[in-house]
Novice: 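Quick one: the structure is below, and I'll ask about it shortly.
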Amino acid sequence: MEHFRDTVATVKKLTTLGLLALGAVAQNFTNPVLYQDLADVDIMRNGDAFYYSASTMHFSPGAPILWSFDLVDWEYSSHSVPALDFGPQKDYNLSGTSAYNKGIYASFFNYNPKTKTWYWASAPEGPWKKSSTLNFCYYDCGMLIDDDGTIYVEGLRMYTRNGSYYILSVHPMDGNIILKGSSPWGPFQWKWLIHNAGSNLIQGFGPPAQGGLVSLADGRWYHMAFINGFPGGRIPVLAPVDWPSDGWPTVHTVNGAWSKQYPYPLTPHAVKSIVGTDNFASLGPQYEWNHNAGPSAWSITANGLELRTATVTDDFFMARNTLTHRILGPSSTATIKIDYSKMADGDRWVGVARDGSSFKVLMTNNISMNSNGWKTDNKGTQIASASISGGSIWLRTKVNVLPRAQQGTFQYSTDGVNFVNRWRYGVFNYATKAKGGSVTMRSFAIDGTMQNNPA
Ligand SMILES: *[C@@H]1O[C@H](CO)[C@@H](O)[C@H](O)[C@H]1NC(C)=O
Ligand SMILES: *[C@@H]1O[C@H](CO)[C@@H](O)[C@H](O)[C@H]1NC(C)=O
Ligand SMILES: *[C@@H]1O[C@H](CO)[C@@H](O)[C@H](O)[C@H]1NC(C)=O
């Protein structure tokens with residue numbers, strides 16, 4: 001009898017566990033998985049961890065690596081490129097000329113388990129180092145490490161599964177296609193991976209474009225692509241892939257469309273949230289500089305992040321040492337607290353100016369750069385100012401980067417009290433008279449709603 005009761009209890013416990021497990025798997029995630037500008041996804045798995053590499057153009061350090069344990073909740077881990085230094089021809093140091101919109105595009109990475117080597121580099125947590133140069137340009141290329149260890153670099157993302165070779169390509173504004181062959185050298189045939197399905201994910205955004213495929217340990221596959229919508233950026237969306245025995249994969253659609261929601265691929269695994277307050281115990285991998293920061297332009301002190309003026313200019317776009325953080329969409333608030341008491345005469349810091357011995361908070365409107373040539377075409381107009389004293393100030397910006405709200409966003413964001421570029425918050429600091437001044441950022445706080453991975 002005793003034994004029998006135990007058995008019933010055990011069965012009950014198992015049933016409860018079974019239901020809990022089912023419940024966990026049935027929890028949905030929401031697309032986009034992370035509402036931040038993380039363009040040109042490359043994605044891979046090593047063991048239980050997934051890694052994501054993105055483009056950064058003229059921001060430095062370049063090509064952030066994010067990691068996740070469930071493909072939905074992502075945390076910044078490191079950067080592949082510690083500084084932008086690709087020879088003398090482009091000025092990533094903002095010393096007289098600039099390299100806006102150049103730099104890092106469509107990075108790829110992979111891990112070779114046989115040699116325990118990561119490409120780009122030596123370890124995913126970084127730091128990474130440059131070990132070789134590809135002496136040719138494959139547009140948006142990818143890397144396949146075959147089961148026998150042979151490495152292929154293709155013009156596009158390349159995969160192998162069940163004896164076949166696959167190449168993933170974007171078919172602009174239409175969907176993504178997959179090519180399949182029995183050898184890495186072809187010949188290949190092609191079919192749609194996803195076609196005309198997904199432009200409803202966010203109204204005003206395009207359909208999912210360029211991305212990557214990734215396998216789970218249990219053999220299921222997922223497709224991560226990005227959707228493009230100004231000024232929110234190029235943001236990642238995820239969907240399961242059906243891969244039937246004919247060997248042709250397709251994105252799993254719901255009523256013919258890339259769905260806004262799917263069940264979590266794996267048990268949800270929360271990671272460090274984008275939302276929250278950073279007191280700058282270190283400079284985390286969620287930040288990047290506009291071009292390379294000056295080598296002695298910043299440091300972490302007991303009071304926070306000290307930013308020293310690195311350029312004498314009246315042109316924000318030519319000032320080194322602008323710290324940036326991707327905007328969290330669709331709407332969020334960024335609040336910074338700074339100590340401005342060590343600013344020098346003539347210094348400009350976000351919304352604070354020092355002239356002589358007086359400090360002002362100012363609003364500068366309409367600072368702009370021409371995207372056809374990437375030159376400054378408007379240094380801005382000061383539209384309001386007020387005297388301040390006391391040495392500390394909090395500045396706050398609310399942005400809404402939904403495509404339909406962008407007009408309002410830019411009116412608000414270019415007010416000079418805080419600086420908002422498309423896709424990024426920025427904190428700048430430059431001298432108009434002489435270097436020597438500094439400010440200390442005490443904190444940087446992001447407040448907003450995470451669709452997944454709530455804080
Ligand atoms: C940019 O600055 C870095 C470090 O200060 C230096 O090593 C590099 O040579 C500079 N690049 C150019 C093109 O001047
Ligand atoms: C692998 O391919 C063979 C045909 O070559 C097929 O019969 C089998 O179902 C495939 N396996 C998987 C897991 O798709
Ligand atoms: C903003 O700058 C553009 C040119 O860059 C100019 O045409 C426009 O009149 C400016 N608007 C204001 C409000 O200053």
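These values consider heavy atoms only, across backbone and side chains, with no hydrogens, waters or symmetry-generated copies. Numbering of ligands and ligand atoms starts at 1, following listing order. Computed from a prediction, not measured in an experiment: that's the story for all the values here.
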Novice: If we only count N/O pairs under 3.5 Å, is N93 in contact with ligand 1?
Specialist: yes
Novice: R308 and S299: side-chain donor and acceptor closer than 3.5 Å?
Specialist: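 Yes, side-chain donor-acceptor contact under 3.5 Å.
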Novice: For ligand 2, which atoms have a heavy atom of R161 less than 4.0 angstrom away?
Specialist: 12 (C), 13 (C), 14 (O)
Novice: Is at least one protein non-hydrogen atom found at under 4.0 angstrom from atom 7 (O) of ligand 2?
Specialist: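 Within 4.0 Å: no protein heavy atom nearby.
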Novice: Short list, please: which atoms of ligand 2 are under 4.0 Å from a heavy atom of S245?
Specialist: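 Going through ligand 2 atom by atom, the ones under 4.0 Å from S245 are 9 (O).
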Novice: Are there protein heavy-atom neighbours of atom 3 (C) of ligand 2 below 4.0 Å?
Specialist: yes
Novice: On a heavy-atom basis, which atom in L34 and which in I274 lie closest, and how many Å separate them?
Specialist: CD1-CG1, 3.9 Å
Novice: What is the minimum heavy-atom distance between D70 and Y264, and which atoms define it?
Specialist: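 Minimum heavy-atom separation between D70 and Y264: OD2-CE2, 3.4 Å.
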Novice: Could you tell me if T376 and D315 have a donor-acceptor pair between their side chains, going purely by distance under 3.5 Å?
Specialist: yes
Novice: Can you pull out the closest protein heavy atom to atom 1 (C) of ligand 2? Residue, atom name and distance to 0.1 Å, please.
Specialist: N162 ND2, 1.5 Å
Novice: Would you kindly say whether T322 and N290 are connected by a side-chain donor-acceptor distance under 3.5 Å?
Specialist: no
